[in-house]
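Written out below as structure tokens is the structure these notes cover.
Quick note on labels: first sequence line is chain A, next is B, and so on, each numbered from 1.
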Amino acid sequence: MNRLIFFLPFFLIFLIVPVPVSSQVLLRMIGPEDIGGAWAEIIDYFHQSHPEIKINYISGPWSTDERQNMYIRSFLSGDPFELVYMDVIWTAKFSENGWLLPLDKWLPPEKQKEFLPGDIGAGYYKGRFFRVPVRSDVGMLYYRKDLIPKPPRTWGEFEQLCEQYSHPPDRYGIVFQGMQYEGLVCNYLEYLWGAGGTLLDEKGNVLLETPENISTLGFMKKVIDKGWAPKSVITFQEQHCLEFFKKGRALFMRNWPYAWSVLERSPLKGKIGIAPIIHKAGRESAGALGGWGLGIAMGSKNPEASWRFIEFATSIESQKILHMRRGAVPSRKALFNDEEILKESPHYRDLFEVLLKARPRPVHPDYPRMSAILQKHVSALLVGIESPEEAALGMDRSIESLLRGRKKPWPKRLTLDYDLHKTLINTSLFTFLSVPFEFLLGLIFALLLDLPFKGRSFGRLSVLIPWILPTAVMAMAWQWMFNNPFGVINDLLLRAGLITNSLDWLSTPEGAMFSAIFADIWKTTPFVAIILLAGLQSIPKELNESLSMDGGGPLMKFFHLTLPILMPYIRVALIFRIIHAAGIFDLIWVLTKGGPADSTRTLSLYIYDLAFRYDEIGYGLFLTLLFLVALILISFIIVRATTLKYERITQ
Amino acid sequence: MKRILLYVLFILIFLYCLFPFGWTLITALKPTDEVFNLPVTYLPEEVSFENLNNVFYKRPFYRYIVNSLIVAGGATLLTLWIASMVAFRLRALDYQKAMRVQKWTLIGTIIPPTLLVIPFFIIMKKLSLTDNYLGLILSYTALNLPFAMWMLHAAFRQLPRELDEAALIDGFSPMGILYKIIMPLSKPSLSVTAALVFIFCWNEFILALTLMPSETKYTVPVGIAMLSGTSVYEIPWGEINAAVALTTLPIILILAAFQRWIIEGLTQGAIKG
């Protein structure tokens, strides 16, 4: 121990003093896993020509949302990742917050002309240029040339083709990105534009409670209800759609251009055609503009070096590497006439036209939150929780309240905040369903473990295990156990004959809530059991015996002796459990992320999002405070309610 | 008959508590392909260390472990150091007074960390300690201090006061008494407290997620929660289970080593709060 104390100061100094670094400039960027090695090759070339700069490409999670959060957390922490590899839709928010360095001085307008106009436009925010496009993207429709005579133009034609040529479950009509994430919003907006609708008008008014929107949502719902799209489409992202389509199990697929080169290397080679997104008769369609670009984080130490890398990474040569190795669509116009590329991808001539017509998603600093709201309601529609009318109303109100609520004082905002009300309901549901079961099971465990038997201490040890294991880590284990179809829980139930088909535990609202509650009960029952056990052990043996001699049965003993003595222990455990169940975060964040359709999103997740995703720390803190006050009040009520009469007198 | 029924019940409880961990272990030891076999196999057809290997060679898992060890280890040392000094001081007070102090500090521990994450983040940012081991160590110390104080105070108080007086006469300074007499005599309590504080820090998620944003500073739980493939469909479940098993196994070992004292300590700590 003495030695420990001696070393402690050294240990702390070691932590504070930064380790000396070499003179090389280190620049970090986060991107998706580098399949095909395109980035490795580009960075390699760059290192050869710029030995003084070292690029560290960090492979982030597949979820672009998660990568965005990583960037935001790094900006907030004051040590930003220098190179910001960002989706089109992050630009407005990042620039609005002053997290990006304007790039106008390095890339003046005459040089910008070499890129696709839509991609450049998406790099502007409030008149300044922040993001150089690396790769462009646009939503489009893939179809089976060999099965369908002519690609559909309108919704009506599409429905006919589906009726005629699809026969689920072997071959569905269409697969699209139906999971609750940004991709779903792209799909939805494309239909909305195709119906003549739009999200915001020029003045920034929300235009979602409209016939156009309702018919759009109705159409999407119809696609699911009629079985044209498989039910599991609500868990699909791009990759999953592609796998499904590649196996020949769908006539159409909505996807991005990268899918083409994958399909050309599959058995479907030569059987695939591409077409613009379908639209309502008499309207015009537009694909959602996507794509990735590079920017420089404000406050990064060496912007010149960062720019040199950006210049290199957006050059013709680099874009070619990205195209060849990864199927990325270039953002430089010149490459669409490039012999080498056209030889490999003859469809680029058509693609160029689609790209010129591509429509950006709203450029608004609050877009990420609007998108989250849209995702939630479209997802709720597809899952069947909301009707088209309800979804249209819900999204309109939510976005409206977001845009208006921002300007309102916080107390007023409480009444407008749709998300708050929803998460409050979920939190109460979770708390009041999990805590009673924990107590019931905990009491049974405690009563059993109190009995004298061989191996009792071993039993107590094993009971402790769920409680002592890290929640976030075990949530991952639960996610695996609830997996469909590979999860063990489905398998056990199937073997027991309790269900006939694997259940989708985590992608239905009830299933997800049940899974979360189940995992929470598993984790916290031991805590309750251990505390109650301590209470049981404090019951004097003589009392027990004398009550038996007076002829008290076990039930009478339980209610007149055990329960009253346990009361103080129950009180402590109850307060502790209710507070912690209401504040649940780790388990749900890892297990369901609050989904599907926000059905398991609790108050803590909402507050966390407010503070660290929507950067409204002030409002988040305000809610935290109210939450704390509420918890204190609840604790007082519990203390009052569980204090027995005689206890009050003796006190 | 009654005994058999009882034992059946015990075995059920035992299975219920251990199953998720056991299942993780089984999955981790399957070869990568067998993980996705249908129907699910309950005993691996062959035991393979492929997943365990991948966790270390394909992913920076050792880095997460080092981070976690630094943070949890640092926080444990710091917590014990401060807590033993405070507990020593509390021991000098009369019992009623000391209990009052303890009661108030323990109220702080009941607040769920979700409610503390924003204030902690703001403070650490002001101190420029985000993305810094020290920031997380200080936060964990603050969270675990009341509990450690409680445990150590209870232990120190069991030692007779005459001991101090004798030591004073022998020429020990007050700190000398703490380090040379009290602490060596309370070794069992110190090690149990250390074990528990270490486990709490090792397990903590939300603060680690928020205060350490860069990937090279992830602790084990955050690293595992972020483990993912290139798409939803390619989540590397074999590797995730291997990582989960590797993270949870040491905790179970610590628990087994200290089981008797841990149960005692936990009940005391939880109830008197």
Once you measure the plane-to-plane angle for B:Phe61 and B:Tyr64, does it fall in the parallel (<30°), tilted (30-60°) or perpendicular (>60°) bin?
perpendicular
Contact part of A:Phe486 toward chain B, heavy-atom cut-off under 4.5 Å: side chain, backbone, both or neither?
both
B:Tyr16, part contacting chain A, at a heavy-atom distance under 4.5 Å:
both
Under 4.5 Å from a heavy atom of chain A, the part of B:Ile199 involved
side chain
Please look at A:Ile521 and chain B and tell me whether the side chain, the backbone, both or neither of the residue comes under 4.5 angstrom of a heavy atom of that chain.
both
If I measure from the heavy atoms of chain B, does A:Asn483 come under 4.5 Å with its side chain, its backbone, both, or neither?
side chain
State yes or no: are the ring centers of A:His580 and A:Phe576 separated by less than 6.0 Å?
yes
Which of A:Trp522, A:Phe627, A:Phe585 touches chain B most, by non-hydrogen pairs under 4.5 Å
A:Trp522
Under 4.5 Å from any heavy atom of chain A - which part of B:Leu209
both
Side chain, backbone, both or neither: which part of B:Leu6 has a non-hydrogen atom closer than 4.5 Å to chain A?
side chain
So, the part of A:Val463 with a heavy atom under 4.5 Å from chain B: the answer is both
Do you know which two heavy atoms are closest between B:Phe120 and B:Leu211, and how far apart they sit?
O-CD2, 4.3 Å
With respect to chain A, which residue among B:Thr247, B:Val222, B:Ile206 yields the maximal number of heavy-atom pairs within a distance under 4.5 Å?
B:Ile206
Classify the ring geometry of A:Trp467 against B:Phe200: parallel below 30°, tilted from 30° to 60°, perpendicular beyond 60°.
perpendicular
Derivation and outcome, side chain to side chain contact (heavy atoms under 4.5 Å, CB included), residues B:Phe198 and B:Leu69:
CA-CA 9 Å; B:Phe198 185 86; B:Leu69 285 176; 3.9 Å; yes
Is there a ring-ring contact (aromatic ring centres under 6.0 Å, His included) between A:Phe518 and A:Trp478? Walk through the geometry before answering.
CA-CA 10 Å; A:Phe518 192 86; A:Trp478 281 105; 5.7 Å; yes
Heavy-atom contact with chain A under 4.5 Å, split by part of B:Ser128
neither
Part of A:Leu628 lying under 4.5 Å from any heavy atom of chain B
both
Aromatic ring proximity, centroids under 6.0 angstrom, A:Tyr608 and A:Trp589:
no
Whether B:Tyr42 and B:Trp23 hold their rings parallel, tilted or perpendicular, with breakpoints at 30° and 60°
tilted
Find the one option among B:Pro184, B:Pro221, B:Pro213, B:Ala256 whose heavy-atom pairs under 4.5 Å with chain A are most numerous.
B:Pro213
Nearest atoms (heavy-atom pairs only) where A:Met70 meets A:Phe81:
O-CE1, 3.9 Å
Heavy-atom proximity to chain A below 4.5 Å, by part of B:Leu115:
both
Tell me, out of B:Ile254, B:Leu18, B:Thr114, who's got the most heavy-atom pairs with chain A below 4.5 Å.
B:Thr114
A:Tyr71 versus chain B, the contacting section by heavy-atom distance below 4.5 Å:
neither
In terms of heavy-atom contacts, B:Ala194 and B:Thr76 come closest through O-CG2, 3.5 Å
B:Leu43 atom CG: more than 12 heavy-atom contacts under 6.0 Å:
no
Show your working on side chain to side chain donor-acceptor pair (under 3.5 Å) between B:Tyr179 and B:Ser84 and close with a plain yes or no.
CA-CA 9 Å; B:Tyr179 293 140; B:Ser84 56; over 6 Å; no
Highest number of heavy-atom pairs under 4.5 Å with chain B: which of A:Leu492, A:Thr525, A:Ile584?
A:Leu492
Check each atom of A:Glu238 against the heavy atoms of chain B and say whether the ones under 4.5 Å are side chain, backbone, both or neither.
neither
By a 4.5 Å heavy-atom criterion (distance strictly below it), what part of B:Thr248 contacts chain A: side chain, backbone, both, or neither?
both
Side chain, backbone, both or neither: which part of B:Phe10 has a heavy atom under 4.5 Å from chain A?
side chain
Is it true that A:Asp79 and B:Lys217 have a side-chain N and a carboxylate O under 4.0 angstrom from each other?
no
Contact class of A:Leu603 relative to chain B, heavy atoms under 4.5 angstrom:
neither
Looking at B:Ile252, B:Leu129, B:Thr24, which one has more heavy-atom pairs under 4.5 Å with chain A than the rest?
B:Ile252
